[in-house]
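All remarks here apply to the structure that follows.
Below, all heavy atoms of this structure are taken into account, side chains as well, without hydrogens, waters or symmetry copies. Each chain gets a letter, A, B and so on, in the order its sequence line appears, and its residues count up from 1.
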Number of protein chains: 2
Amino acid sequence: MNDSGQSAGSSARSQRKDARRNQQTLLDAAAEVFVSSGVDAPVRDIAAKAGVGVGTIYRHFPTRADLVIAVYRHQVDACAEAGPALLASSPTPHAALGRWVDLFVDFLVTKHGLATALQGDSTCFGPLHTYFLDRLLPVCTELLEAAAASGEIRSDLDAYAFMRGIGNLCVGADSDPRYDARRLVALLVAGLRQPQ
Amino acid sequence: MNDSGQSAGSSARSQRKDARRNQQTLLDAAAEVFVSSGVDAPVRDIAAKAGVGVGTIYRHFPTRADLVIAVYRHQVDACAEAGPALLASSPTPHAALGRWVDLFVDFLVTKHGLATALQGDSTCFGPLHTYFLDRLLPVCTELLEAAAASGEIRSDLDAYAFMRGIGNLCVGADSDPRYDARRLVALLVAGLRQPQ
DNA sequence: GCACGATACGGAACACGGTTCCGTTTTACA
DNA sequence: TGTAAAACGGAACCGTGTTCCGTATCGTGC
């Protein structure tokens with residue numbers, strides 16, 4: 001359940017040694033390139049960095065999005081797992097929600113272009129969108145419902161819409177010093193508070 | 001000041017008749033295609049619809065973004081002009097702000113893909129971003145300042161960040177029935193209210 | 001009415017992105 | 001060591017925005 005990050009294809013066993021090595025090389029190269037050039041760096045650049053042909057990338061990761069998912073899987077998982085933990089350790093559900101949102105926003109803002117990719121026209125990054133949703137939506141729902149149950153926030157907001165809103169607010173947060181996504185998300189969360 | 005929508009190049013005078021005719025044809029075709037296929041429709045489709053070559057598009061509109069600007073210029077202007085009017089006719093500055101934001105959001109959500117284009121990686125749609133900002137930022141600033149002066153909202157939010165936030169929230173609002181941008185923007189504006 | 005220069009046109013060609021395909025190389029097993 | 005399966009590399013393909021240049025059209029001076 002925590003295999004070191006292949007997104008598709010058979011698990012570690014049943015792969016040739018060189019294939020496994022290349023997969024890891026690719027993940028490392030992709031991570032580096034994503035940091036230096038952003039998540040939307042050309043596939044060819046990643047292949048070059050890893051010293052392999054583009055074909056090799058596509059054999060391991062059927063699509064760009066799958067590569068991105070594989071690179072960030074651990075962090076997404078960490079974010080998902082932080083939800084229940086925060087709920088247990090925070091004074092109120094609303095506090096837990098706030099902290100969890102901070103975690104998520106920090107994650108998105110830190111990776112250049114990730115937020116943008118996350119809602120890119122379904123054509124290319126659809127799988128990415130889907131993965132984030134699968135993993136994080138249940139957690140977010142739980143947090144929202146807990147905060148709603150405790151009467152701290154209004155209960156009429158879809159977790160899906162909420163998450164998309166947060167993701168959207170993070171778009172372009174890097175590469176624009178005048179735009180502080182964290183602040184706007186905080187405002188959004190503030191707007192969620194029950195009138196009384 | 002209200003010339004029917006050429007974005008660049010000399011004004012109506014000093015153009016050849018066929019050039020002027022083609023420009024109008026292009027604006028009409030683009031408007032149609034934007035409605036049916038979204039703002040990110042291929043340039044070639046627009047050229048085909050207008051019955052001209054792509055070269056003709058680029059002679060009239062140096063870049064895709066300029067064409068988009070030309071098509072929506074009137075509506076952006078209308079939105080800009082509505083600001084002061086609303087401020088004058090609304091019971092409070094905050095009410096005016098709310099109505100103006102509604103106007104802006106409706107505009108963005110209505111045009112498929114406009115919001116996405118608006119914050120697309122500066123490479124391609126930079127001019128579009130710039131035009132919207134030039135035109136609307138002053139208006140938005142005025143509204144925010146008025147509402148802040150009347151003590152209805154906090155005064156520490158940059159109008160630029162606010163506008164970008166709204167624009168971002170509108171990304172993908174079409175093409176996803178589960179995502180209601182208007183609602184999230186309303187939440188954001190609610191979060192702007194002064195604690196007391 | 002006609003010729004000719006300026007203006008505008010069309011669309012092939014280019015740059016650049018993701019993705020596919022297939023001949024070649026490497027691996028693993030007998 | 002021989003061989004079949006697995007994996008590799010990168011040229012080729014498709015769909016974008018944009019540029020370029022030979023050709024057609026306009027409009028003006030005669």
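Phosphate contact (OP1/OP2 of C:dC9, side-chain N/O of B:Asn22, threshold under 4.0 Å): present. In this model, the phosphate group of C:dT19 is approached by a side-chain N or O of A:Thr63 to a distance below 4.0 Å at OP1 or OP2. Phosphate contact (OP1/OP2 of C:dT20, side-chain N/O of A:Tyr58, threshold under 4.0 Å): absent. Of the side-chain N and O atoms in B:His60, none sit less than 4.0 angstrom from OP1 or OP2 of C:dA8.
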Show each protein N/O and nucleotides 27-29 of chain C N/O combination with a separation under 3.5 Å, one pair to a line.
residue: C:dA28; atom: OP1; partner: A:Lys17; partner atom: N; Å: 3.1

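With sequence neighbours excluded, the residues forming a side-chain hydrogen bond (donor to acceptor under 3.5 Å, both in side chains) with B:Asp106 are B:Arg182, listed by chain and number. Under the rule for a salt bridge (charged side-chain N to carboxylate O under 4.0 Å, His left out), A:Glu145 has no partner lying at least two apart in sequence or in another chain. With sequence neighbours left out, the salt bridge (charged side-chain N to carboxylate O under 4.0 Å, His left out) criterion links A:Asp18 to A:Arg16. Annotation: side-chain hydrogen bond (donor to acceptor under 3.5 Å, both in side chains) contacts of A:Ser150 (sequence neighbours excluded): A:Glu152. Residues passing the side chain to side chain contact (heavy atoms under 4.5 Å, CB included) test with B:Pro42 are B:Asp45, sequence neighbours excluded. With sequence neighbours excluded, the residues that form a side chain to side chain contact (heavy atoms under 4.5 Å, CB included) with B:Leu187 are A:Arg154, A:Leu157, A:Leu188, A:Leu192, B:Arg183, B:Leu184.
When rounded to the nearest whole Å, the span between CG of B:Asp66 and P of D:dT18 equals 9 Å. One atom, CZ of A:Arg20, and another, C1' of D:dA6, lie 13 Å apart when rounded to the nearest Å. Atom CG of A:Asp40 and atom C1' of D:dT16 are 16 Å apart (whole Å). Between B:Phe61 atom CZ and D:dG17 atom C1' the separation is 16 Å, expressed in whole Å.
Classified by interplanar angle (parallel below 30°, tilted 30° to 60°, perpendicular above 60°), the ring pair B:Phe107/B:Phe104 is tilted.
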Output a table of donor-acceptor pairs, distance under 3.5 Å, between side-chain atoms of residues 158-166 of chain B and any protein atom two or more places apart or on a different chain; print 'none' if there are none.
residue: B:Tyr160; atom: OH; partner: A:Asp176; partner atom: OD2; Å: 2.4
residue: B:Arg164; atom: NH1; partner: A:Asp176; partner atom: OD2; Å: 2.9
residue: B:Arg164; atom: NH2; partner: A:Val171; partner atom: O; Å: 3.3

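Take the nearest nucleotide of DNA chain D for A:Gly51 and for B:Val43: the residue whose nucleotide is more 5' is A:Gly51.
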Sugar-phosphate means primed atoms, P, OP1 and OP2; the rest is base. With that split, encode nucleotides 11-16 of chain C 5' to 3' as B, S or - using protein heavy atoms under 4.0 Å.
BBB---
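In this structure, the side chain of B:Tyr179 engages the main chain of B:Leu169 through a donor-acceptor pair within 3.5 Å.
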